[in-house]
Amino acid sequence: MLSGSNHHFMLDKNGIAKRIAREVKDGMYVNLGIGIPTLVANYIPDGVNVVLQSENGILGMGPFPYEGEEDADLINAGKQTVTLLKGSSIFDSAMSFGMIRAQKVNLTILGAMEVSENGDIANWKIPGKMVKGMGGAMDLVASARNIIVAMQHVNKAGESKLLKQCSLPLTGVRCVKRIVTELAALEVVPEGGFKLLERAPGVSVEQIKNATEGKLIVEGEIPEMVL
Amino acid sequence: MINRVVKNAEEAVKDITDNMTLLVGGFGLCGIPENSISALVKKGVKGLTCISNNAGVDDFGLGLLLQTKQIRKMISSYVGENAEFERQMLSGELEVELIPQGTLATRCLAAGYGMPVIYTPAGVGTEVAIGKETRKFNYNGEEKEYLMEHAFEADFAIVKAWKGDTAGNLVFRSTARNFNPMMAMAGKITIAEVEELVEVGGLDPDHIHTPGIYVHRIFQGENYEKRIEQVTVRKRN
């Protein structure tokens, strides 16, 4: 069971989303990025009341519409058709980023290509290969006090994405607070370093060490995630 | 009341000429001025600089003006869904300036509010900050660095609203509002196309999003396609 079959234990995208959902607290206004962060909405526990912000101008975003009820004028920041919950509001893009800069939005959850041990994040450009743009990510990471990154611990070539220093163009500096990957939940500590908080089910501290290029801080017994 | 009505898109864009800078409203394909974009394609003006959050898709929105190579430079925050755009950018045919979405919105706002610059933390420490003035400010109990960004200066703004009246007052619908109100405020000349044009008195003054003072030309558009980029639905139980 030990050799080579550990993939079996790693979290999938929904597992990562489920773990992050535990960080979402009652009363929060939350901005969810595209990809895994969007899935977090599916796992917010009953009784935890949050308001989802979509930076194209929604507070109180609801689930996808029923078939046939989609509205071309009502989309989320990922350009997907969505619905509005009771009590929602619509506003323009300037106000949307106004509430983000003014730190009214309590929690930002987004994806990343790389994160460094001092909390820098890169997620908008691979020079010469991929340039999609930063969208609202630079505004979000520059202003949010609480930023959680959902990402893969290693890339397809098996190289760590939790680094001493980012190699890709940065989206923001010293801003990431927490990271959840297929292997672990980690905290970026102010003095620099990834402090290991929890292991994904069946994943060993050794595996996480091997997959982390930046400074990994392991203090005491590291609990396994409860999902 | 001043009458801002023009006959159609062709008349609205008649004096847009080569090498002008245009602000174009919309987020993705949501709330884009479809009629005016078609009129610009027909008119064939070239060398345009377009400031718009996105660049449309290959065969719709600003993608239509890219296909015909009428755009020289795009200023956007996200351009992920357009293969022709990517090809022109990587080959160097198209100049592209990518800027943070909130910066884009707020630079429009600054133009409409009569403020020459804004300070924003977005992009500090990244390549967006290269060559820009920075300053430290205390805000919300924290000292941080901010980038100085300039208000946009654009020859024309072209926006799309749901309803408008003959005096140029605009009402937007749902998330088709997005960048339209602040772009409307930011143009030297602003063109608004609307789904429904009503007489003055037909809109409740309390419900107007953009006052007509910012809108110089208004017309009722036709044949709106309102294409959806990503139809996402859930099944009924």
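Sequence lines set the chain letters: A, B, ... in the order given, protein chains first and strands last, and positions in each chain run from 1.
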Between [Y] and [X], is there a side-chain heavy-atom distance shorter than 4.5 Å?
X: A:Val131; Y: B:Val79; value: no
X: A:Phe97; Y: B:Gln101; value: yes
X: B:Leu98; Y: A:Trp124; value: yes

Quick check for you: among [options], which has the greatest number of heavy-atom pairs under 4.5 Å with chain B?
options: A:Gly57, A:Ala122, A:Pro63; answer: A:Pro63
options: A:Leu140, A:Leu74, A:Leu84, A:Val173; answer: A:Leu74
options: A:Arg145, A:Arg174, A:Glu55; answer: A:Arg145
options: A:Asp92, A:Asn76, A:Leu170; answer: A:Asp92
options: A:Gly68, A:Ser54, A:Gly136; answer: A:Gly136
options: A:Gly135, A:Gly133, A:Ala94; answer: A:Gly135

>> On a heavy-atom basis, which atom in A:Gly78 and which in B:Gln230 lie closest, and how many Å separate them?
In response: O-NE2, 3.3 Å
> Between B:Lys144 and A:Ser143, which heavy-atom pair has the shortest distance, and what is it?
Replying inline: NZ-CA, 3.9 Å
Heavy-atom count check: over 12 atoms from other residues, nucleotides or ligands less than 6.0 Å from [X] [atom1]?
X: A:Leu227; atom1: CG; result: yes
X: A:Met95; atom1: CE; result: no
X: A:Lys104; atom1: NZ; result: no
X: A:Gln165; atom1: CD; result: no
X: A:Lys13; atom1: NZ; result: no

Is [X] in contact with chain A via its backbone, its side chain, both, or neither, using a 4.5 Å heavy-atom distance?
X: B:Val96; result: neither
X: B:Asn53; result: neither
X: B:Leu104; result: neither
X: B:Ile228; result: side chain

Flag the pair [X] and [Y] as a salt bridge only when some basic side-chain nitrogen lies within less than 4.0 angstrom of an acidic carboxylate oxygen.
X: B:Arg236; Y: A:Glu67; answer: no
X: A:Lys132; Y: B:Glu86; answer: no
X: A:Asp71; Y: B:Lys226; answer: no

Heavy-atom distance under 4.5 Å to chain B: side chain of [X], backbone, both or neither?
X: A:Thr171; value: backbone
X: A:Asp120; value: neither
X: A:Ala137; value: neither
X: A:Glu69; value: side chain

In terms of heavy-atom pairs under 4.5 Å with chain A, which of [options] leads?
options: B:Thr106, B:Val128, B:Leu109; answer: B:Thr106
options: B:Gly31, B:Gly125, B:Pro121, B:Gly28; answer: B:Pro121
options: B:Asn180, B:Ile99, B:Leu29, B:Thr120; answer: B:Ile99

Would the distance check show the side chain of [X] and the main-chain N or O of [Y] forming a donor-acceptor pair, the cut-off being under 3.5 Å?
X: A:Thr81; Y: B:Thr232; result: yes
X: B:Thr175; Y: A:Asp73; result: yes
X: A:Asp139; Y: B:Ala122; result: no

> Relative to B:Phe27, does A:Lys79 satisfy both conditions: NZ or CZ under 6.0 angstrom from the six-membered ring centre, and within 45 degrees of the ring's axis?
Replying inline: yes
> Honestly, is B:Arg234 close enough over A:Phe64, meaning NZ or CZ under 6.0 Å from the six-membered ring centre and within 45° of the axis?
Replying inline: no
Donor-acceptor contacts, no H, no angles, side chain residues 134-143 of chain B, under 3.5 Å, sequence neighbours left out:
unit_1, atom_1, unit_2, atom_2, d
B:Asn138, OD1, B:Glu143, N, 3.4
B:Asn140, ND2, A:Ala102, O, 3.4
B:Asn140, ND2, A:Gln103, OE1, 2.8

>> Against B:Ser174, only a single residue in A:Ile75, A:Ile90, A:Ile58 fulfils side-chain contact (heavy atoms from CB on, under 4.5 Å); can you say which?
In response: A:Ile90
> Is it the case that A:Ser93 and B:Arg177 place a side-chain donor and acceptor less than 3.5 Å from each other?
Replying inline: no
